[in-house]
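Comments concern the structure below.
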Amino acid sequence: MSILQLRDVRYSYENKYQKNEVLRGISAEFEQGKVYALIGKSGSGKSTALTLMAGLELPDAGDILYEGTSTKEMDLNSYRREKAAVIYQSFQLFPLLTAVENVMYPMELRGMKGKEAMEKAKDFIRQVGLPEEIFHRFPNMISGGEQQRVAIARALAMNTRLLLADEPTGNLDTANSQNVIDILVRLAHEENYCVIIVTHDMGLLEKMDVVYRMQDGMLCDCT
């Protein structure tokens, strides 16, 4: 069963001068255990689609369904906190929190106590292949590749099976890019996550299970 469905999703940006229809009725299904790539030129609508899937906005028309329920029927704050974990190109770690504190944060929001949250956070950091030495380092004390892996660990701490990644390798060199993608592929194939990646990096596509291309607000399956 699909964890996420897009049904004839439409979205427009409008100002006093013009209306720009960014998504023109896109439909797709996303299952657990698979890695999906969403590709396309700048302005094609792929980042807007990810924004809607993340619950940051609602579609103008059509529906985004998480486990069969439309995001229009959900509390979006709860959806963003509990259902859709987003990994960003710029990492977006809290600079004044250590690596382990960054990963603890979503668990503490759910009411998990400090000691339990810390132990689980350490497990998530180990799961993305980082050593214990980085547990108590601040983001500016670790490399970009390590920061992105901490960001993935924080996404795992949200306890959802849906991972949305917005250009997760955009600020990384080739070796770190491959490491990050390998982690995301493993999470899908071995841990049954649904991973959806917006990317410009065509070199990553051979590792994807399904590739969708956005063009002029429309979506096609390229696999």
Side-chain angles (χ1 to χ4, degrees), residues 1-6 30-36 49-59 63-132 134-139 142 146-166 168 180 183-198:
M1 177 181 175
S2 300
I3 189 172
L4 194 71
Q5 294 173 288
L6 279 60
F30 302 92
E31 300 176 1
Q32 290 179 225
K34 291 184 178 181
V35 187
Y36 298 81
L50 196 79
T51 295
L52 297 179
M53 288 188 276
L56 296 170
E57 299 281 351
L58 291 173
D63 279 299
I64 295 176
L65 306 172
Y66 179 88
E67 293 185 336
T69 300
S70 173
T71 55
K72 293 178 180 177
E73 300 172 8
M74 298 180 184
D75 177 85
L76 288 184
N77 288 325
S78 296
Y79 175 77
R80 291 191 295 266
R81 187 169 59 246
E82 301 169 4
K83 307 298 184 185
V86 184
I87 302 160
Y88 295 96
Q89 175 179 349
S90 56
F91 318 136
Q92 294 199 1
L93 299 177
F94 298 113
L96 299 181
L97 298 183
T98 64
V100 75
E101 288 169 341
N102 265 280
V103 180
M104 289 170 64
Y105 182 75
M107 294 184 283
E108 291 177 323
L109 281 181
R110 299 198 305 273
M112 189 178 294
K113 301 301 182 184
K115 185 175 181 180
E116 182 183 4
M118 178 172 286
E119 292 308 311
K120 286 185 176 292
K122 289 178 179 178
D123 286 340
F124 286 127
I125 292 173
R126 293 186 189 100
Q127 192 173 341
V128 298
L130 290 173
E132 294 187 4
I134 69 99
F135 285 176
H136 302 294
R137 293 179 184 171
F138 294 96
I142 61 179
E146 289 169 333
Q147 288 186 61
Q148 190 61 292
R149 284 193 268 178
V150 172
I152 295 171
R154 185 176 60 183
L156 300 182
M158 290 180 63
N159 196 34
T160 177
R161 289 289 155 177
L162 176 63
L163 300 181
L164 306 172
D166 188 6
V180 165
I183 290 169
L184 294 174
V185 170
R186 178 179 60 79
L187 289 170
H189 293 170
E190 298 181 13
E191 304 293 335
N192 204 34
Y193 284 85
C194 174
V195 179
I196 304 171
I197 302 172
V198 166

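FYI, side chains are in, hydrogens and waters are out, and symmetry mates aren't considered; it's all heavy atoms of this structure.
Rounded to the nearest 0.5 Å, atoms CZ (Arg154) and CE (Met158) are 9.0 Å apart. Going from atom CZ of Phe91 over to atom CZ of Arg149 covers 11.5 Å, rounded to the nearest 0.5 Å. Atom CG of Leu184 and atom CD of Gln148 lie 8.0 Å apart (nearest 0.5 Å). Taking CZ of Phe138 as the start and CG of Leu97 as the end, the distance is 8.0 Å to the nearest 0.5 Å. Once rounded to the nearest 0.5 Å, the distance linking CE of Met74 with CD1 of Ile64 reads 10.0 Å. Of the inter-residue distances, the one linking Phe124 atom CZ with Asn102 atom CG reads 14.5 Å to the nearest 0.5 angstrom.
When all heavy atoms of His189 and Val35 are compared, the pair lying nearest together is NE2-CG2, 4.3 Å. Scanning all heavy atoms of the two residues, the minimum distance from Leu52 to Pro59 falls at CD2-N, 4.0 Å. The two residues Pro95 and Pro139 come nearest to each other via the heavy atoms O-CD, 3.7 Å. The minimum heavy-atom distance between Ile134 and Ala99, with the atom names listed, is O-CB, 3.3 Å. Ile196 approaches Met53 most closely through the heavy-atom pair CD1-SD, 4.0 Å. Annotation for Gly33 and Asn192: closest pair N-OD1, 3.4 Å, computed over non-hydrogen atoms.
For Thr98 and Glu101, the side-chain atoms include at least one donor-acceptor pair closer than 3.5 Å.
Around atom NZ of Lys122, more than 12 heavy atoms belonging to other residues, nucleotides or ligands sit under 6.0 Å away. Heavy atoms from other residues, nucleotides or ligands lying under 6.0 Å from OH of Tyr79 number more than 12.
The pair Asp123-Arg126 counts as a salt bridge, with a side-chain nitrogen and a carboxylate oxygen less than 4.0 angstrom apart.
Using a 4.5 Å heavy-atom cutoff, the side chains of Leu156 and Leu187 are in contact. For the pair Thr71 and Lys83, the minimum side-chain heavy-atom distance is 4.5 Å or more. Using a 4.5 Å heavy-atom threshold, the side chains of Glu191 and Arg161 count as touching. Residues Pro168 and Ile197 are in side-chain contact: their nearest non-hydrogen atoms beyond the backbone lie under 4.5 Å apart. With a 4.5 Å cut-off on side-chain heavy atoms, Gln89 and Asp166 do not count as touching. Annotation: side chain of Leu56 is not in contact with side chain of Leu50 (no heavy-atom distance under 4.5 Å). At a threshold of 4.5 Å between non-hydrogen side-chain atoms, the residues His136 and Val100 count as touching.
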Query raised in the report: Would Tyr66 and Ile3 count as a side chain to side chain contact (heavy atoms under 4.5 Å, CB included) if you check the C-alpha gap in whole Å, the side-chain angles of each, and the deciding distance to 0.1 Å?
Result: CA-CA 6 Å; Tyr66 179 88; Ile3 189 172; 3.8 Å; yes

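Side-chain N or O atoms of Asp63 include none that pairs as donor or acceptor with a backbone N or O of Leu65 at under 3.5 Å. Tyr105 contributes no side-chain N or O that, together with a main-chain N or O of Ala157, makes up a donor-acceptor pair within less than 3.5 Å. The backbone N or O of Ala117 lies less than 3.5 Å from no partner atom in the side chain of Glu108, so there is not a single donor-acceptor pair.
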